[in-house]
Novice: 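Just passing along the structure, written as structure tokens.
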Amino acid sequence: MFSQQKVKVRFSLTKAVEEAYKGVECGDGRPFGALIVRNDEIVVSCHNMVLRNTDITAHAELIAIREACKKLNQIDLADCEIYASCEPCPMCFGAIHLSKIKRLVYGAKVDAAVAIGFDGFIADAQKGTGLHQKARLEIKKIDGSAAVIAEQVFEKTKGKFTL
């Protein structure tokens with residue numbers, strides 16, 4: 001017999017998967033869904049919107065975080081959980097981390113997406129292998145006075161905001 005918590009997790013993950021199907025069926029994006037839950041209530045339920053928004057960053061998890069922050073009028077989601085149909089990419093994981101969401105539950109491993117043609121770069125990033133070796137762009141850290149100026153912005157603004 002399932003515990004109450006397992007039933008809630010299964011229900012939430014099922015809703016995320018339903019969102020993934022919905023996004024593909026209506027032409028909004030790829031097969032990824034996410035929802036954010038707080039105190040056992042769904043705050044938002046979203047799917048990938050990359051195609052609809054012509055925005056490569058419109059992943060389901062990012063859309064869910066953006067909408068939850070707006071709906072709750074806060075950027076700290078520490079009292080929330082996120083359920084994702086698939087293991088989040090590094091960009092989405094970074095947003096989940098920065099939003100301070102307390103729990104991530106996902107269904108499919110990223111390898112399932114790679115198996116149908118999604119970029120293996122993301123799977124390598126998840127595994128911590130080949131991230132910079134496979135990147136299709138030049139990555140360079142500037143040095144000299146430009147680096148100093150860029151680093152000073154943190155020291156010069158530290159009293160003007162709270163973390």
Side-chain angles (χ1 to χ4, degrees), residues 9 12-13 15-16 19-20 23 28-111 113-114 118-163:
V9 168
S12 297
L13 194 54
K15 294 292 285 178
E19 279 288 344
D28 285 346
R30 305 306 200 293
F32 300 96
L35 66 140
I36 293 183
V37 174
R38 181 170 78 166
N39 299 326
D40 295 328
E41 291 187 25
I42 296 173
V43 176
V44 294
S45 181
C46 304
H47 55 262
N48 182 288
M49 300 283 283
V50 167
L51 300 176
R52 181 178 187 172
N53 295 353
T54 318
D55 176 359
I56 198 66
T57 69
H59 291 196
E61 299 90 338
L62 290 180
I63 298 291
I65 290 168
R66 289 173 188 152
E67 289 189 14
C69 287
K70 284 180 189 173
K71 185 172 182 177
L72 299 172
N73 196 32
Q74 62 190 50
I75 60 170
D76 183 335
L77 301 177
D79 58 348
C80 296
E81 301 175 349
I82 189 166
Y83 294 82
S85 61
C86 187
E87 184 176 13
C89 75
M91 176 181 65
C92 292
F93 184 79
I96 291 165
H97 172 76
L98 291 173
S99 68
K100 300 179 181 169
I101 288 174
K102 68 180 177 180
R103 184 174 186 216
L104 159 66
V105 178
Y106 66 89
K109 294 285 288 170
V110 72
D111 295 329
V114 172
F118 281 89
D119 195 339
F121 173 83
I122 292 172
D124 288 343
Q126 294 293 73
K127 296 172 190 168
T129 60
L131 179 60
H132 297 296
Q133 295 82 10
K134 289 183 76 175
R136 295 182 207 125
L137 71 155
E138 180 182 352
I139 301 170
K140 183 181 186 324
K141 162 70 172 83
I142 197 79
D143 55 8
S145 62
V148 172
I149 291 168
E151 291 169 1
Q152 286 175 344
V153 71
F154 297 103
E155 187 62 32
K156 289 182 177 182
T157 62
K158 70 181 179 185
K160 297 182 180 184
F161 58 89
T162 59
L163 294 177

Novice: Which pair of non-hydrogen atoms, one from Glu61 and one from Ala84, has the smallest distance, and what is that distance?
Specialist: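 Of all heavy-atom pairs spanning Glu61 and Ala84, the closest is OE2-CB, 3.8 Å.
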Novice: After noting the C-alpha distance and the side-chain angles of Arg103 and Val9, does the key distance pass the side-chain contact (heavy atoms from CB on, under 4.5 Å) rule?
Specialist: CA-CA 11 Å; Arg103 184 174 186 216; Val9 168; 3.8 Å; yes
Novice: Report yes if some heavy atom in the side chain of Asn48 is under 4.5 Å from a heavy atom in the side chain of Asp28; otherwise report no.
Specialist: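 No, every pair of side-chain atoms sits at 4.5 Å or beyond.
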Novice: Minimum heavy-atom separation for Pro31 to Ser85, with atom names?
Specialist: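 Looking at all heavy atoms of both residues, the closest pair is O-OG, 4.1 Å.
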Novice: What's the verdict on side-chain contact (heavy atoms from CB on, under 4.5 Å) for Phe32 and Val50, showing C-alpha distance, side-chain angles and the deciding distance?
Specialist: CA-CA 10 Å; Phe32 300 96; Val50 167; over 6 Å; no
Novice: Taking the side chain as every heavy atom from C-beta outward, state whether Val105 and Glu81 have any pair of such atoms under 4.5 Å apart.
Specialist: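 The answer is no, as the side chains (C-beta and beyond) never meet within the 4.5 Å cut-off.
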Novice: Would you call Lys100 and Leu77 a side-chain contact if the rule is heavy atoms closer than 4.5 Å?
Specialist: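 No - every pair of side-chain heavy atoms lies 4.5 Å or more apart.
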Novice: side-chain contact (heavy atoms from CB on, under 4.5 Å) for Leu62 and Met91? Distances and angles first, verdict last.
Specialist: CA-CA 9 Å; Leu62 290 180; Met91 176 181 65; 3.5 Å; yes
Novice: Any idea which heavy atoms bring Leu35 and Ser45 closest together, and the distance?
Specialist: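 Where Leu35 meets Ser45 most closely, the heavy atoms are CB-CA, 3.9 Å.
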Novice: Output the distance between atom OG (Ser12) and atom CD1 (Ile42), rounded to the nearest 0.5 Å.
Specialist: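 Answer for the OG-CD1 pair, Ser12 versus Ile42, is 6.0 Å.
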Novice: Please determine if Glu41 and Arg38 form a salt bridge, counting it only when a charged side-chain N lies under 4.0 Å from a carboxylate O.
Specialist: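 Looking at Arg38 together with Glu41, the answer is no, because their closest N to O distance does not fall below 4.0 Å.
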Novice: Would you indicate whether the side-chain heavy atoms of Val37 and Lys15 approach each other to under 4.5 Å?
Specialist: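 In short, these two side chains do not touch, never coming nearer than 4.5 Å.
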Novice: For side-chain contact (heavy atoms from CB on, under 4.5 Å), just list the numbers for Thr57 and Arg66, CA-CA rounded to whole Å, side-chain angles, deciding distance to a tenth of an Å, and then say yes or no.
Specialist: CA-CA 12 Å; Thr57 69; Arg66 289 173 188 152; 3.4 Å; yes
Novice: Just one of Ile96, Asn39, Leu72, Val44 clears the side-chain contact (heavy atoms from CB on, under 4.5 Å) bar with Cys80, so which one?
Specialist: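 Result for side-chain contact (heavy atoms from CB on, under 4.5 Å) with Cys80: Leu72.
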Novice: Please report the shortest heavy-atom distance between Ala78 and Lys102, naming the atom on each side.
Specialist: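 What the structure gives for the nearest pair is O-CB, 3.3 Å.
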